[in-house]
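Single-structure report; data block below.
Values reported hereafter were calculated over all heavy atoms of this structure, with side chains retained and with hydrogens, waters and symmetry mates removed. In what follows, every chain begins at residue 1, and chains take the letters A, B, ... in the order their sequences are listed.
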There are 2 protein chains.
Amino acid sequence: MVESEEEFLKKYNVEEFKRPSVTVDIVVFTLIKGKIKVLLIKRGMHPFLDCWALPGGFVKMDKSLINSASKELMEKTGISKKDAYLEQLYTFGNPKRDPRTRVISVAYYALVDSSKIKLKKEHKKNIKDIRWVSVYKLPEKMAFDHREIIMYALKRLRYKLEYTAVGFELLPELFTLTELQKLYSEILNEKLDKRNFRKKILSLGILKPTKEYRKGMHRPARLYKFIESKPSSTFKKIKFEKK
Amino acid sequence: MVESEEEFLKKYNVEEFKRPSVTVDIVVFTLIKGKIKVLLIKRGMHPFLDCWALPGGFVKMDKSLINSASKELMEKTGISKKDAYLEQLYTFGNPKRDPRTRVISVAYYALVDSSKIKLKKEHKKNIKDIRWVSVYKLPEKMAFDHREIIMYALKRLRYKLEYTAVGFELLPELFTLTELQKLYSEILNEKLDKRNFRKKILSLGILKPTKEYRKGMHRPARLYKFIESKPSSTFKKIKFEKK
DNA sequence: ACAAAAGTGTTCCTAATACACCCATGA
DNA sequence: TCATGGGTGTATTAGGAACACTTTTGT
């Protein structure tokens with residue numbers, strides 16, 4: 001007599017095998033004064049006491065991975081899912097990456113507009129500090145393999161930037177072409193030609209000029225808007241100069 | 001008095017939180033008679049009894065993810081890591097994807113040369129059948145979210161094929177240009193122009209002509225070899241015709 | 001009037017595409 | 001000799017890359 005699936009499930013013993021822990025860690029990128037930063041937390045607990053780490057937490061039994069990431073993002077930055085770009089990055093599972101026990105980390109990365117951030121600075125017992133740090137000047141003492149995760153995220157971000165319209169997630173609703181170019185330039189870490197950049201980005205048809213201008217010390221710059229229609233639309237590679 | 005990291009680790013209670021299970025599932029691609037196939041296993045156990053599933057297994061506490069995948073690949077196909085291309089695909093963690101308990105699956109995909117495969121056909125109690133199935137004709141009854149995983153893997157494979165030299169992993173050491181073109185054509189699911197394909201693929205400098213020929217019913221075809229030097233070298237997109 | 005950033009076109013060159021015929025072999 | 005797949009070149013077009021001057025504003 002063959003057992004039915006129902007009968008089988010009733011008898012199934014969840015405790016039978018030893019399980020690794022699973023965490024979600026997030027590389028939160030934002031642009032502050034034109035510089036690309038990641039959110040880091042100074043640990044107030046072992047292991048890696050006083051080292052800088054990515055925000056993250058254990059995955060609860062009934063929460064999806066993306067929701068775990070989203071919740072962590074909300075807790076640390078006050079930004080909700082719909083106000084950020086959030087994408088799974090890679091899963092890091094080296095058995096020795098956490099000295100406590102086996103911990104598998106599903107890493108995500110997020111792109112957020114810094115004007116929407118409300119950093120929760122009240123330091124809990126386990127958090128000594130929380131800061132935006134330049135990806136080009138990461139602290140010496142980083143926890144776990146978090147430096148590696150950040151570098152991997154940066155690689156992915158550069159890559160995404162060239163192929164999709166994802167960069168707008170780092171800017172406020174209205175922005176100038178120069179601001180957008182500086183964003184690309186900062187993240188890709190290379191100089192871009194103004195005329196070629198404008199020609200290319202405008203030809204994609206994802207920007208809408210507004211009638212507003214950014215007034216500054218000099219000639220005012222037209223403000224543009226990202227056309228939401230196709231969220232994170234893909235295009236043939238945005239290529240720029242060789243060097 | 002602050003506790004040292006050592007002291008902390010001694011007291012750390014591994015059993016404190018409920019943990020999800022973690023599995024590794026592999027989408028193994030190979031080329032059989034010019035058709036792109038994936039390895040599927042007919043389940044001889046609940047849940048999804050009699051449904052087709054990807055090869056996979058639970059991640060052991062002391063095994064890295066890639067090694068878990070590699071071990072599974074070896075067990076099912078007799079192919080070792082160095083004879084296959086193996087890459088992490090994505091992590092699937094929907095809380096309801098497995099009816100038993102929370103199971104997070106880190107999916108990998110592998111590209112193997114079918115001439116190296118030694119399928120272990122001795123059916124264990126939990127395996128009713130094991131087969132190579134066309135990705136274009138997947139069975140109706142698939143276990144878990146494995147259909148979704150396969151489609152995701154196919155998408156990634158197509159993508160990889162256009163940007164990297166990874167396709168050679170599916171062919172024996174020596175192959176004709178027509179065989180290579182058919183591989184691209186089969187996986188991308190579109191017709192390719194012979195002259196443009198040859199021009200492009202030869203210009204990449206990753207193929208070495210040998211002095212051997214494939215004899216068949218008609219004019220013999222020159223055999224080529226992949227230059228190992230740069231494993232999975234990246235190039236500017238291999239573009240083909242629009243349609 | 002000048003300092004500073006905004007804005008704008010053209011030429012060059014590389015690479016993608018489209019396309020058709022001759023060649024070598026086995027039966 | 002014929003059927004079959006192997007093998008080859010050129011013309012067109014699209015897009016990436018290099019490059020410098022005029023415009024608008026605030027001071």
Inset, instruction - Round to a whole Å and report the spacing from CG of L202(A) to C1' of dG9(C). - result: 14 Å
Legend entry - Options dC19(C), dT8(D), dA24(C), nucleotide nearest the side-chain atoms of R198(B): dT8(D)
Legend entry - Euclidean distance, W132(A) CH2 relative to L119(A) CG, rounded to 0.5 Å: 6.0 Å
Legend entry - Partner set under salt bridge (Lys or Arg N to Asp or Glu O under 4.0 Å) for K182(A), not counting sequence neighbours: none
Legend entry - Identified side chain to side chain contact (heavy atoms under 4.5 Å, CB included) partner of W52(B) from the options I130(B), D129(B), I41(B): D129(B)
Legend entry - Listed nucleotide nearest any side-chain atom of K194(B), set dT8(D), dT25(C), dG7(C): dT8(D)
Legend entry - Y152(B): ring-ring contact (aromatic ring centres under 6.0 Å, His included) partners, not counting sequence neighbours: Y90(B)
Legend entry - Polar contact flag, side-chain donor to acceptor under 3.5 angstrom, K160(B)-Y85(B): yes
Inset, instruction - Please report the C-alpha distance between D83(B) and D113(B) in whole Å, then the side-chain angles of each, then the deciding distance to 0.1 Å, and finally whether the side chain to side chain contact (heavy atoms under 4.5 Å, CB included) criterion is met. - result: CA-CA 8 Å; D83(B) 282 329; D113(B) 163 13; over 6 Å; no
Legend entry - Close approaches to DNA chain C from residues 174-182 of chain B, in residue order (heavy atom, under 4.0 Å): none
Legend entry - Base of dA24(C) paired with side chain of R219(B) (donor-acceptor, under 3.5 Å): no
Legend entry - For atom CE of M217(B) and atom C1' of dG26(C), their distance in whole Å: 9 Å
Inset, instruction - Report the distance from atom CZ of F197(A) to atom C1' of dA18(D), rounded to the nearest whole Å. - result: 17 Å
Legend entry - Interatomic spacing from CE in M151(A) to CG in L138(A) - rounded to 0.5 Å: 6.5 Å
Legend entry - Spacing between D193(B) atom CG and dG7(D) atom P, to the nearest angstrom: 15 Å
Inset, instruction - Identify, with sequence neighbours excluded, every residue that meets salt bridge (Lys or Arg N to Asp or Glu O under 4.0 Å) alongside K215(B). - result: none
Legend entry - Listed nucleotide nearest any side-chain atom of R195(B), set dG6(D), dT25(D), dC19(C): dC19(C)
Inset, instruction - To the nearest 0.5 Å, tell me how far L157(A) CG sits from I187(A) CD1. - result: 4.5 Å
Inset, instruction - Consider the side chain of H218(A), meaning its heavy atoms from C-beta on, and name the nucleotide among dG7(C), dA5(C), dG5(D) that approaches it most closely. - result: dA5(C)
Inset, instruction - Would you mind checking if E75(A) and K71(A) are paired as a salt bridge, meaning a charged N to carboxylate O distance below 4.0 Å? - result: yes
Legend entry - For atom CZ of R222(A) and atom C1' of dT25(D), their distance in whole Å: 16 Å
Inset, instruction - Using only heavy-atom distances, determine whether the side chains of T178(B) and R222(B) contain a donor-acceptor pair under 3.5 Å. - result: no
Legend entry - Stretch residues 207-216 of chain B: residues that reach within less than 4.0 Å of DNA chain D through a heavy atom: none
All N/O contacts under 3.5 Å from nucleotides 10-12 of chain D to the protein, with atom names and distances to one decimal?
from, atom 1, to, atom 2, distance (Å)
dT10(D), O4, K199(B), NZ, 2.9

Inset, instruction - Could you tell me the separation between the OH atom of Y224(B) and the CD1 atom of I201(B), rounded to the nearest 0.5 Å? - result: 11.5 Å
Legend entry - Separation of atom CG in L204(A) from atom C1' in dG15(D), rounded to whole Å: 12 Å
Legend entry - From dA3(C), dC19(D), dG16(D), nucleotide with atom closest to K200(A) side chain: dG16(D)
